[in-house]
*Asks:* 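One structure, pasted below without further comment.
Throughout, a chain's letter reflects where its sequence line sits, starting with A, and its residues are numbered from 1.
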Number of protein chains: 2
Amino acid sequence: MSTQQRILDTALDSFGTTGVDGTSLDALARELGLRKQSILYYFKSKQALFEAVLDEAANQFIAELDQVVERVDPNDVWAQVEGTVRVVFRLAVQRPALLGLLREASRPGSMVAVQLSSRLANHIDAAQHSLEIALKEGRVRGDDARLLLFSLYSTIMGVATEVEVLRAMGVEPSLRSLAERRQELLRFLHVALVP
Amino acid sequence: MSTQQRILDTALDSFGTTGVDGTSLDALARELGLRKQSILYYFKSKQALFEAVLDEAANQFIAELDQVVERVDPNDVWAQVEGTVRVVFRLAVQRPALLGLLREASRPGSMVAVQLSSRLANHIDAAQHSLEIALKEGRVRGDDARLLLFSLYSTIMGVATEVEVLRAMGVEPSLRSLAERRQELLRFLHVALVP
DNA sequence: GGATCTCTCTACCAATTGGTAGAAAGCGGG
DNA sequence: CCCGCTTTCTACCAATTGGTAGAGAGATCC
């Protein structure tokens, strides 16, 4: 793997867990076995690195979502929800920092969120569109497609990433508990969506 | 208001919006019209300040939740959900930084989350308990009270705080849109919960 | 008036931050 | 073997970080 790619990967992990402000270029370089000047050779500033990392994260996230879009009937809203949940939970296991980064980037007043949102605009529009049709035909419960989509997003991302809240409730995060969470989430969403 | 209280309040706002790492003692002092040494007079370190702020946030959050508990029939789960939604959305308007701080503190791997969780343990237990009874009596849909509570929490907090995602979907945050979001959220939760 | 206590200040400090300048090291082609 | 290109390094730097030491201001008590 190229050095540039290694930097992006390691930075994504660090930004997504420790946060951007909590990650210094020196610490990042140490983790990579380099000097920070080598990082600044590939990315002209920390801000530029962050934007590249965000782009990388968007690419990976979109690539995952595309697998759902491709394999699932766009008219079957419930199958789309199931697929999305599967994808998000797979990321929660395999690359939790990616979800952490999305969370960080979508912090209120973040300003970098626009960058992400423009990348995801197509997916959002498509999802909203098929949701609207399903609503009109009565195949899904609800009034406003956009707000419903937003509720779905909040629920799925929250259940997948809020592990500390779960710990506060006495559930130690594990693969087992993650699977249970996912099952309960699917049940919850099914009741809420399917008439 | 005492200087100590002013420091706590301002720090809560700053920590909750800019983040802890993103808030320097100098910047905080500037905002207060003081020198940072005055802050360190009341709180012996930044970490100590953060913990005090977290405690303050927990106090305020608990005080709000208590109003729900007091005024609502503990057996009426739906009324409790409604009350909680009302409280959280009121905070989203009046003190968004408080919710931002909770979000920051509940970041995966945060370690400070234990402090919060011990403060909220009573409320969590009580909620879980009445949810269990309601489940057993078939007044609420679902299997596992704890996981259901977790789904509810994720949905409510997400819908109340993920304003950047909403913006990405083309909805400019405003009081009006907040009210719509709340209404849609209540509809969504009602369908999901009440048989 | 002096002593004491509470509070806020000035004056520093060592460490760390993101970033610049430019030297060396490696390497492939001529 | 040497030239030129890419890559990584050492050597710095100014600004900012959290934090210490202690002086001075202001009020209160005797």
*Asks:* Which atom pairs, donor and acceptor, lie under 3.5 Å between side-chain atoms of residues 12-22 of chain A and protein residues at least two apart or in another chain?
*Replies:*
unit_1	atom_1	unit_2	atom_2	d
A/D13	OD1	A/R95	NH1	2.8
A/S14	OG	A/T23	OG1	3.0
A/T17	OG1	A/D13	O	2.8
A/T17	OG1	A/S14	O	3.4

*Asks:* Reading DNA chain C in the 5' to 3' direction, which nucleotide is the first one with an atom under 4.0 Å from a heavy atom of chain B, and which is the last?
*Replies:*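 Reading along DNA chain C, I get C/dT6 to C/dA11.
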*Asks:* Only pairs under 3.5 Å count here: list side-chain donor-acceptor contacts from residues 24-31 of chain A, not counting sequence neighbours, and write none if there are none.
*Replies:*
unit_1	atom_1	unit_2	atom_2	d
A/S24	OG	A/A27	N	3.0
A/D26	OD2	A/K36	NZ	3.2

*Asks:* Taking OP1 and OP2 of D/dT8, is either one under 4.0 Å from a side-chain nitrogen or oxygen of A/T3?
*Replies:*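 Yes.
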*Asks:* Mind listing the residues from residues 39-49 of chain A sitting with a heavy atom below 4.0 Å of DNA chain D? Number order is fine.
*Replies:*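 Per residue number, the list reads A/Y41, A/Y42.
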*Asks:* Contact class for B/T23 vs. all strands (heavy atom < 4.0 Å): base, sugar-phosphate, or nothing?
*Replies:*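 Contact class for B/T23: sugar-phosphate only.
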*Asks:* Can you list, by residue number, the residues of residues 6-21 of chain A that have a non-hydrogen atom closer than 4.0 angstrom to DNA chain D?
*Replies:*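 Nothing qualifies; none.
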*Asks:* Listed by chain and number, what are the side chain to side chain contact (heavy atoms under 4.5 Å, CB included) partners of A/T155, not counting sequence neighbours?
*Replies:*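 Testing A/T155 for side chain to side chain contact (heavy atoms under 4.5 Å, CB included), a comparison that skips the adjacent residues, returns A/V159, A/L185, A/F188, A/L189, B/T155, B/F188.
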*Asks:* Report the residues that fulfil side chain to side chain contact (heavy atoms under 4.5 Å, CB included) with B/F61, sequence neighbours left out, ordered by chain and then residue number.
*Replies:*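 Testing B/F61 for side chain to side chain contact (heavy atoms under 4.5 Å, CB included), a comparison that skips the adjacent residues, returns B/L65, B/L91, B/L98, B/L99, B/L102, B/L120.
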*Asks:* Would you give me the side-chain donor-acceptor pairs under 3.5 Å for residues 67-82 of chain A, sequence neighbours excluded?
*Replies:*
unit_1	atom_1	unit_2	atom_2	d
A/D73	OD1	A/N75	N	2.9
A/D76	OD1	A/W78	N	3.4
A/D76	OD1	A/A79	N	3.1

*Asks:* Residues two or more places apart in sequence or in another chain: which of them pass side-chain hydrogen bond (donor to acceptor under 3.5 Å, both in side chains) with A/E180?
*Replies:*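 Once residues adjacent in sequence are excluded, the partners of A/E180 under the side-chain hydrogen bond (donor to acceptor under 3.5 Å, both in side chains) criterion are A/R176.
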*Asks:* Any salt bridge between B/E164 and B/R167, counting N to O under 4.0 Å?
*Replies:*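 Yes, this pair counts.
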*Asks:* Provide, to the nearest angstrom, the distance between the CG atom belonging to A/L25 and the C1' atom belonging to D/dT8.
*Replies:*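 Going from A/L25 (CG) to D/dT8 (C1'), I get 16 Å.
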*Asks:* List for me each residue that meets side chain to side chain contact (heavy atoms under 4.5 Å, CB included) alongside A/V191, sequence neighbours excluded, and say none if there are none.
*Replies:*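 Testing A/V191 for side chain to side chain contact (heavy atoms under 4.5 Å, CB included), a comparison that skips the adjacent residues, returns A/R187, B/R141.
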*Asks:* For B/S118, check side chain to side chain contact (heavy atoms under 4.5 Å, CB included) against everything at least two apart and list the hits.
*Replies:*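 B/S118 satisfies side chain to side chain contact (heavy atoms under 4.5 Å, CB included) with no residue once adjacent residues are dropped.
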*Asks:* Going by the rule ring-ring contact (aromatic ring centres under 6.0 Å, His included), which residues pair with A/F89 if we only count those two or more places apart in sequence or in a different chain?
*Replies:*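 None.
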